[in-house]
Amino acid sequence: MLGLIFYIIFLIVSLFLLYFIISIAVRDGINKSIVGQFIEKKYGFKASNNSFLDRDLDNDN
């Protein structure tokens, strides 16, 4: 029973990490693509949704 609980917790954490990694990869892929750069130049649209990693206390920004 205890192993099942650890398995479910591990599954939830791993799915969350997978979602986080895929969303960052897709966002960076779109922003760095030719189409993304074209839209940014033409319409001036730039995504400013920073993750909590961008607001880390180690950053001096």
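Sequential numbering from 1 along the given sequence is applied to the chain's residues.
- Taken to the nearest 0.5 Å, the CD1 atom of Ile39 stands 7.5 Å off from the OG atom of Ser33.
- For Ile12, the side-chain contact (heavy atoms from CB on, under 4.5 Å) partners two or more places apart in sequence, or in a different chain, are Ile8.
- Applying the 6.0 Å contact sphere to CD1 of Ile34 captures no more than 12 heavy atoms from other residues, nucleotides or ligands.
- Hydrophobic cluster membership for Tyr19: none, as no Ile, Leu, Val, Met, Phe, Trp or Tyr side chain comes under 4.5 Å of it.
- In this view, Ile9 and Ile5, Val13 satisfy the side-chain contact (heavy atoms from CB on, under 4.5 Å) rule, not counting sequence neighbours.
- Considering every non-hydrogen atom in both Lys32 and Gln37, the closest pair reads O-NE2, 3.3 Å.
- Chaining together hydrophobic side chains whose heavy atoms lie under 4.5 Å apart places Leu11 alongside Leu15.
- Hydrophobic clustering, defined by side-chain heavy atoms of Ile, Leu, Val, Met, Phe, Trp and Tyr closer than 4.5 Å, groups Val26 together with Leu18, Ile22, Ile30.
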